[in-house]
Amino acid sequence: MSSLPSSSSLAIVLSLLLLLSCPGTIAADGQPPSKPIVTPITKDPFTNLYTIPVKNGAPLVLDLAGSLVWSTCQQGHRTIPCKSSLCKVANRNHPASCAWSKIGGYPGNADPRCACSAYPYNPASGQCGIGDLTVEPLAANATDGKHPLFPVSFNVIGSCAPDGLLESLPSGAAGVAGLSRLPLSLPSQVASKLKVAKQFALCLTSDGNTGAAIFGGGPFVLETGMPGPADFSQGQDSQLPLVKNPKNGAYYFRVHGVAVNQEQVPIAPGALDLDARSGKGGVVFSTTTQYTTLRSDIFNAVVTAFEKATSVFTRVKPPPPHNVCFETSAFTGTAFGPGFANIDLMLDNGRNWTLLAASTLVSVGTERYCFAFQNMGSPASEAIDAPAIIFGTHQMEDNVVQFDLEKNTFGFSGLLRGARTHCGNFNFNVGSS
Ligand SMILES: *[C@@H]1O[C@H](CO)[C@@H](O)[C@H](O)[C@H]1NC(C)=O
Ligand SMILES: *[C@@H]1O[C@H](CO)[C@@H](O)[C@H](O)[C@H]1NC(C)=O
């Protein structure tokens, strides 16, 4: 596995993407004025994965760490020559767990009939497959950040996958939308195809409501309980740096410490750092991990501090996979409020990501609230590129989280409840701007 492509190979990819634009779609490719696109996000209650219906209405699973867009293909799908530089780019970030195939679709194969293969990866099952690199038509709506405006169709380079690779994904899902910072991810291709900013924002709902994703930057407006809708996108000055892991395309961010009720948890210096050489450690965002998962040394320190801070509340036996649970009746309105054992992730620039009860606890059945963090344990934490912390979706829910692939920064709104709204409040009625 090697690191980022050089700018010259990026330029080749971009020109190939243009060449491969399929004529005859209702394409708004490059049609001015270019606008960001919006798509609903649905949470699957069985797998707790999130999907966007961009493949002719068929859902693709959101994978923040994924390097490709992939789905099952039909007979007669388009293929890409092995000798094209696109084939090289598609195979540059080969998933560590995927064995190389001995069949012929490898990059650089000079046979003019050779169709390029790619290695789609299923983040839920950990399986990978092999499939033809192809051209996939996708669709969404243009947006002004307030509502959908008009439908937009565009093509991306994606990978075909065998039907079996859909295992462990939500029923009806057609594949995966990789959202990584790499050149063939969905946000990278939307930016080049639709000539919009190389950014995206996710608002994941915690319940059965429909969340929203916006690709291409701009405002992110939600209806609120206060008069009028409000924009929850974060300006450049409140963005924080992302950290690049040379071993993968996922989004890492710096955490300097963890505090429970403002008291810093004793964690060894450097325990949260990413080792740029090995790709091990660090704190990474994941849309395919439900509860934030901590390496054992960190988990043990945090859970000890949390138990101490909450010792007055009545415990009940935790059902697996949970570790600490409380009786629901132990919480009065005030105890469950902002004063309840906040967890601060201490970030760059003196900023904190403060996790309130809604993010640190999860309701399990009707009578229990459980600590919504998990112990990574072994062997996961011994894996070659195991992060120190995987920041999961329960903690990202009901926040607008933005990723800027150009500036390499991220932003977060904080829990939307504070503004009396939630991720289900994007207005999906078509409007005009
Ligand atoms: C555009 O938005 C409308 C209204 O929400 C929806 O019915 C339609 O399916 C969307 N089109 C695409 C291509 O996503
Ligand atoms: C961030 O969290 C730490 C630990 O709880 C606290 O000491 C510090 O005051 C917080 N900073 C801000 C700006 O809230």
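Below, all heavy atoms of this structure are taken into account, side chains as well, without hydrogens, waters or symmetry copies. The structure displayed is predicted, hence computed values, not measured ones. When a ligand or atom number is given, it counts from 1 through the structure's own listing order.
Atoms of ligand 2 lying under 4.0 Å from at least one heavy atom of A259, given by number and element, are 4 (C), 5 (O). For ligand 2, the atoms closer than 4.0 angstrom to any heavy atom of G350 are 11 (N), 13 (C).
Minimum heavy-atom separation, R78 to T134: O-OG1, 2.6 Å. Nearest heavy-atom pair across S381 and R295 is CB-CG, 3.8 Å. Among all heavy-atom pairs drawn from T205 and D398, the shortest one is CA-OD1, 4.3 Å.
Proximity of the aromatic rings of F410 and F285 is defined here by a centroid distance below 6.0 angstrom, and this criterion is met. The aromatic ring centres of H322 and Y291 sit less than 6.0 Å apart. Taking the six-membered ring wherever Trp is involved, the centroid distance between the rings of Y251 and F403 falls below 6.0 Å.
In the model, Q395 has a side-chain atom that pairs as donor or acceptor with a side-chain atom of T292 under 3.5 Å.
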Ligand 1: protein N/O within less than 3.5 Å of ligand N/O:
from     : atom 1 : to   : atom 2 : distance (Å)
ligand 1 : 2 (O)  : N141 : ND2    : 2.3
ligand 1 : 5 (O)  : F428 : O      : 2.7
ligand 1 : 11 (N) : N141 : ND2    : 3.0

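For ligand 2, the polar-atom distance check against D344 finds a nitrogen or oxygen pair separated by under 3.5 Å.
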